[in-house]
Amino acid sequence: MTRTPQEVFADHGKRLGTGNLDLIAGNYTEDAVLITPAGAFQGRPGVRQVIGRLLADLPDADWQLTPQFAGEVLFLRWSASTRAHQVADGVDTFVFRDGLISAQTVRYTLTDRTD
């Protein structure tokens, strides 16, 4: 039975919490594409690169997520903070296929914490 987008997204959050890039990449299709302001990244190696950068930017972050699902698409507004950095304007879009993530856009501005 194929997982719903909501189930995949919930599992994705759990996997992100582990920091294990191979485990995280397992939630993506082999031919997944991730698009960021730095360019388009292909497949699970691209997932590891993009998500690895995100996790390095925001280690042990406190995340605030506002997901909006529409069928096989998720629009996600998010913010996050660590002891040193914060993101107030995170926006991702996910496209799901066959119980996995097949495409994702990732965009955020990393700033130093001011409080």
Side-chain angles (χ1 to χ4, degrees):
M1 182 173 185
T2 300
R3 300 178 301 168
T4 67
Q6 291 83 352
E7 290 169 333
V8 175
F9 183 65
D11 186 53
H12 183 60
K14 291 176 188 172
R15 291 180 187 212
L16 283 171
T18 71
N20 181 322
L21 293 175
D22 289 329
L23 186 63
I24 295 164
N27 253 341
Y28 290 79
T29 62
E30 290 284 340
D31 63 345
V33 61
L34 279 81
I35 303 170
T36 76
F41 298 81
Q42 300 291 321
R44 290 182 176 157
V47 170
R48 289 182 197 92
Q49 188 173 354
V50 171
I51 301 301
R53 175 58 187 235
L54 173 70
L55 294 177
D57 283 347
L58 296 164
D60 300 316
D62 178 30
W63 299 87
Q64 307 299 317
L65 307 176
T66 306
Q68 292 177 272
F69 288 91
E72 299 293 311
V73 178
L74 165 61
F75 177 73
L76 178 66
R77 289 180 294 145
W78 59 271
S79 61
S81 61
T82 68
R83 292 194 307 175
H85 297 102
Q86 62 187 13
V87 170
D89 64 350
V91 177
D92 291 17
T93 303
F94 294 78
V95 178
F96 300 90
R97 183 181 77 222
D98 299 329
L100 295 170
I101 301 163
S102 64
Q104 181 180 354
T105 63
V106 181
R107 197 259 176 238
Y108 61 94
T109 305
L110 186 68
T111 60
D112 292 336
R113 277 195 67 158
T114 58
D115 52 79

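Annotation: R113, atom CZ; neighbour count of heavy atoms from other residues, nucleotides and ligands within 6.0 Å is above 12.
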Given side chain to side chain contact (heavy atoms under 4.5 Å, CB included), test V47 with N27 step by step and report yes or no. CA-CA 10 Å; V47 170; N27 253 341; over 6 Å; no
Side chain to side chain contact (heavy atoms under 4.5 Å, CB included) assessment of V91 paired with F75: CA-CA 8 Å; V91 177; F75 177 73; 3.5 Å; yes
Decide yes or no on side chain to side chain contact (heavy atoms under 4.5 Å, CB included) for R48 and I24, but give the supporting numbers first. CA-CA 8 Å; R48 289 182 197 92; I24 295 164; over 6 Å; no
Verdict with reasoning, V106 to R53, per side chain to side chain contact (heavy atoms under 4.5 Å, CB included): CA-CA 11 Å; V106 181; R53 175 58 187 235; over 6 Å; no
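Within the model, atoms NE2 of H85 and OG1 of T109 stand 13.0 Å from one another, a figure rounded to the nearest 0.5 Å. In this structure, CG in L34 is found 6.0 Å from CD1 in I51, a value given to the nearest 0.5 Å. Residue Q42 holds its CD atom at 8.5 Å from CG of D31, rounded to the nearest 0.5 Å.
The two residues P5 and G71 make their nearest non-hydrogen contact at CG-O, 3.5 Å.
Here the side chains of Y108 and D57 are in contact, with some heavy-atom distance below 4.5 Å.
Legend: ring-ring contact (aromatic ring centres under 6.0 Å, His included) pairs involving residues 12-40, not counting sequence neighbours, sorted by first then second residue: H12-Y28, H12-F94.
With R107 as reference, D89 is the one residue of D89, T36, I35 to meet the side-chain contact (heavy atoms from CB on, under 4.5 Å) rule.
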